[in-house]
Amino acid sequence: IMADDLGYVDVGFNGSVDIPTPNIDRIAQNGVKFTNGYTPYPVCSPSRAGFMTGRYQQRFGYERNVQYRPNDPDMGLPQTEKMIPEVLNQLGYRSGIIGKWHLGREPHSPLEYGFDLDLPHWWGPGPKSSYLAPWGYANPDFKEGEPGEHIEDRMAKEAVAWLKNRDPSKPFFMNYWQFSVHAP
């Protein structure tokens, strides 16, 4: 689970009193809490590239957010880089991504990097017309929700549905990349 622009003290278990985060606090209390993890870059796309490849993104020239150049095939994570799902797929894992991608448009869609499921490459919250990416990759099988449906609620429903409907005999890797706190 990745939340864009979530600060260290933006959650209750790290001292936030402004925003209650009881469910996140419960996960921290009952699960694993990483106390010395750092983002490899201060903006979203390069930090995602570093996270998903396990490499410092500067080593492969990924040092800024993806630019809007629809006809430029180099606007995205270099296809020479291996991502976590590509490695896990070799071990029999099923991999799904739900939410924000921000690592490039086709031919840089999540399905090109080992994900079996992409629901979908949402660009961000807003009116119904912006549910799907205004540019770049969007899953053609995804059906838009009801007008006024909050993107975070929809993503949570999709994540739970994927977990419930997957083959329980196979291990899985899910990327759940929210838009909040970044937006809205």
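Fair warning: this is a prediction, and the values are worked out from it, not measured in the lab.
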Worksheet item: How about Tyr56: does its OH atom have over 12 heavy atoms from other parts shown lying under 6.0 Å from it?
Response: no
Worksheet item: According to the interplanar angle, ranging from 0 to 90°, do the rings of Tyr113 and His108 count as parallel (below 30°), tilted (30 to 60°) or perpendicular (above 60°)?
Response: parallel
Worksheet item: If you look at every heavy atom in Gly92 and Pro171, which pair is closest and at what distance?
Response: O-CD, 3.8 Å
Discussion item. Run the side chain to side chain contact (heavy atoms under 4.5 Å, CB included) test against Leu163 and tell me which residues pass, sequence neighbours left out.
Written reply: Arg166, Phe172, Met174
Item to complete: May I ask you to test the Thr80-Phe60 pair for a side-chain heavy-atom distance under 4.5 Å?
Response: no
Worksheet item: To the nearest 0.5 Å, what is the distance between CD1 (Ile98) and CG (Asp118)?
Response: 9.0 Å
Discussion item. For a side-chain contact (heavy atoms from CB on, under 4.5 Å) check, start with the C-alpha distance between Leu77 and Thr53, then their side-chain angles and the critical distance, and finish with the verdict.
Written reply: CA-CA 10 Å; Leu77 185 76; Thr53 61; 4.3 Å; yes
Discussion item. I need the single residue from Leu117, Asn175, Asn89, Ile84 that forms a side chain to side chain contact (heavy atoms under 4.5 Å, CB included) with Ser95. Which is it?
Written reply: Asn89
Fill in: Thr21 OG1 to Arg26 CZ distance, which is reported to the nearest 0.5 Å
10.5 Å
Worksheet item: How many angstroms lie between atom NZ of Lys33 and atom CZ of Phe13, to the nearest 0.5 angstrom?
Response: 5.5 Å
Practice prompt. Supply the atom-to-atom distance Leu88 CG to Gln90 CD, rounded to the nearest 0.5 angstrom.
Written response: 9.0 Å
Worksheet item: So which residues get pulled into Val17's cluster when ILVMFWY side chains under 4.5 Å apart are joined, directly or through others?
Response: none
Discussion item. The test is side-chain hydrogen bond (donor to acceptor under 3.5 Å, both in side chains); show your working for Tyr62 and Ser45 and say whether it passes.
Written reply: CA-CA 8 Å; Tyr62 204 88; Ser45 189; 2.7 Å; yes
Practice prompt. Step by step, work out the side-chain contact (heavy atoms from CB on, under 4.5 Å) result for Tyr93 and Lys170.
Written response: CA-CA 6 Å; Tyr93 277 69; Lys170 292 191 174 219; over 6 Å; no
Worksheet item: Is the backbone of Met83 close enough, under 3.5 Å, to the side chain of Glu86 for a donor and an acceptor to pair up by distance?
Response: yes
Fill in: Exam field: side chain Asp116 to backbone Gly96, donor-acceptor pair closer than 3.5 Å
no
Worksheet item: Where do Val66 and Gly104 come nearest, in terms of heavy atoms and distance?
Response: CG2-N, 3.8 Å
Worksheet item: Looking at side-chain heavy atoms only, is the closest gap between Gln58 and Tyr41 below 4.5 Å?
Response: yes
Item to complete: State plainly whether one hydrophobic cluster holds both Met52 and Met75, where clusters connect Ile, Leu, Val, Met, Phe, Trp and Tyr through side-chain heavy atoms under 4.5 angstrom apart.
Response: yes
Discussion item. Could you see if Tyr8 belongs to whatever hydrophobic cluster contains Ile19? Use Ile, Leu, Val, Met, Phe, Trp, Tyr and a side-chain cutoff under 4.5 Å.
Written reply: no
Worksheet item: Which is it for Trp162 and Tyr176 under the side-chain contact (heavy atoms from CB on, under 4.5 Å) test, yes or no, and what are the steps along the way?
Response: CA-CA 11 Å; Trp162 186 72; Tyr176 183 71; over 6 Å; no
Practice prompt. Could you grab the distance from atom CG of Leu103 to atom CD1 of Ile97, nearest 0.5 Å is fine?
Written response: 7.5 Å
Practice prompt. Quick one: which residue pairs count as a salt bridge (charged side-chain N to carboxylate O under 4.0 Å, His left out) with a foot in residues 39-64, not counting sequence neighbours?
Written response: Asp4-Arg48, Arg55-Glu81
Worksheet entry | Cys44 side, atom SG; Trp101 side, atom CH2 - distance, nearest 0.5 Å | 11.5 Å
Fill in: Pair Asp167-Arg94, side-chain contact (heavy atoms from CB on, under 4.5 Å): steps then yes or no
CA-CA 9 Å; Asp167 180 349; Arg94 301 288 294 164; 5.8 Å; no
Fill in: Minimum heavy-atom distance Phe173-Pro85, with the two atoms named
CE2-CD, 4.3 Å
Worksheet item: Would Asp18 and Ser16 satisfy side-chain hydrogen bond (donor to acceptor under 3.5 Å, both in side chains), going step by step from the backbone distance to the final call?
Response: CA-CA 6 Å; Asp18 297 330; Ser16 175; 5.2 Å; no
